[in-house]
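One structure below.
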Amino acid sequence: RKEVEQDPGPFNVPEGATVAFNCTYSNSASQSFFWYRQDCRKEPKLLMSVYSSGNEDGRFTAQLNRASQYISLLIRDSKLSDSATYLCAHLGGSTLGRLYFGRGTQLTVWP
Amino acid sequence: EPEVTQTPSHQVTQMGQEVILRCVPISNHLYFYWYRQILGQKVEFLVSFYNNEISEKSEIFDDQFSVERPDGSNFTLKIRSTKLEDSAMYFCASSDGVLGGNQPQHFGDGTRLSIL
């Protein structure tokens with residue numbers, strides 16, 4: 001059973017485009033959800049937490065759909081610097097602090 | 001901005017040798033973690049640590065692995081007898097809480113472990 005599933009991509013979009021990623025999770029008791037970005041051979045860097053009501057941080061919008069057990073990330077007005085792998089992650093509902101990561105969705109923004 | 005630091009950045013070791021990976025978590029954080037990422041695969045949880053003891057460990061974290069917080073700042077991962085399949089990036093992470101809201105984990109820049 002895969003805890004977290006993501007479309008690996010790659011997504012190739014031009015600068016200025018809007019792109020969206022989805023991520024599904026299997027544990028209905030999961031409490032907290034996050035999006036991380038990972039550049040090639042670097043550490044995951046927290047992009048944003050995902051709140052039940054949805055949240056926005058500049059060009060980034062995250063949403064949580066508990067009924068369908070997925071989270072989404074929308075990037076508006078894509079920049080070249082947005083090129084990275086985007087990892088979704090959640091804390092398992094019955095465990096303390098164990099983050100389950102998806103394999104990531106690769107995004108390339110071209111000029 | 002405070003950050004998690006890890007040393008060394010790259011460790012090359014002969015199979016069967018012991019290796020110790022070091023981490024300095026963010027100073028006011030109380031929860032510490034080790035993850036690993038084999039090249040091309042997803043980030044996998046190894047172990048969590050709180051109040052000087054292991055909170056949880058995954059099936060990867062077998063008897064060859066151990067963690068320690070020898071002083072007030074360092075958090076180490078030891079692999080006693082390394083195997084080829086231990087080659088991976090090892091990430092340390094820390095957070096200032098676990099439950100009660102979204103308290104994300106912050107990652108160090110990793111140690112690349114290469115077993116020959």
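Chain letters run A, B, ... following the sequence lines, proteins first and then strands; every chain starts at 1.
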Return yes if some donor-acceptor pair links the side-chain N/O of A:R98 with the main-chain N/O of B:K57 below 3.5 Å, else return no. no

Same apolar cluster (I L V M F W Y, side chains within < 4.5 Å links), B:I79/B:V43: no

Flag yes if B:I20 and B:L113 sit in one hydrophobic cluster, no otherwise; membership is Ile, Leu, Val, Met, Phe, Trp, Tyr, and two members link when side-chain heavy atoms are under 4.5 Å apart. no

Just wondering, more than 12 heavy atoms not from B:K83 lying within 6.0 Å of its NZ? yes

Just verifying a value: how many Å separate B:T111 OG1 and A:E43 CD, rounded to the nearest 0.5 Å? 11.5 Å

With a sphere of 6.0 Å drawn around CG of B:D63, does it hold more than 12 non-hydrogen atoms of other residues, nucleotides or ligands? no

Are B:V4 and B:V47 connected in a single hydrophobic cluster, I mean Ile/Leu/Val/Met/Phe/Trp/Tyr linked by side-chain heavy atoms less than 4.5 Å apart? no

Measuring heavy-atom distances to chain A, does B:Y35 have an atom under 4.5 Å in its side chain, in its backbone, in both, or in neither? side chain

Heavy-atom neighbours of A:R59 CZ exceed 12 at 6.0 Å: yes

Listed by number, the residues in residues 77-86 of chain A that come under 4.5 Å of chain B (heavy atom to heavy atom) are none

Taking B:M15 as the starting point, is it possible to reach B:L77 by hopping between hydrophobic residues whose side chains are less than 4.5 Å apart? yes

Do side-chain atoms of B:Y33 reach the backbone of A:L99 as a donor and acceptor pair under 3.5 angstrom? no

Given side chains that start at C-beta, do those of B:K42 and A:L87 come closer than 4.5 Å, heavy atoms only? no

Can you confirm whether the side chains of A:Q38 and B:Q37 place a donor and an acceptor under 3.5 Å from each other? yes

Quick check: is A:L74 connected to A:F11 through a chain of hydrophobic side chains (ILVMFWY, heavy atoms under 4.5 Å apart)? no

Given a strict heavy-atom distance threshold of 4.5 Å, which part of B:F91 is in contact with chain A: side chain, backbone, both, or neither? side chain

B:G110, B:A93, B:G108: which one forms the most heavy-atom pairs within less than 4.5 Å of chain A? B:G108

Check each atom of B:L39 against the heavy atoms of chain A and say whether the ones under 4.5 Å are side chain, backbone, both or neither. side chain

For A:P44 and B:F107, the nearest pair of non-hydrogen atoms, with its separation, is O-CB, 3.5 Å

Provide the closest heavy-atom pair for A:L46 versus B:H106 in the form atom of the first, atom of the second, distance. CD2-CE1, 4.3 Å

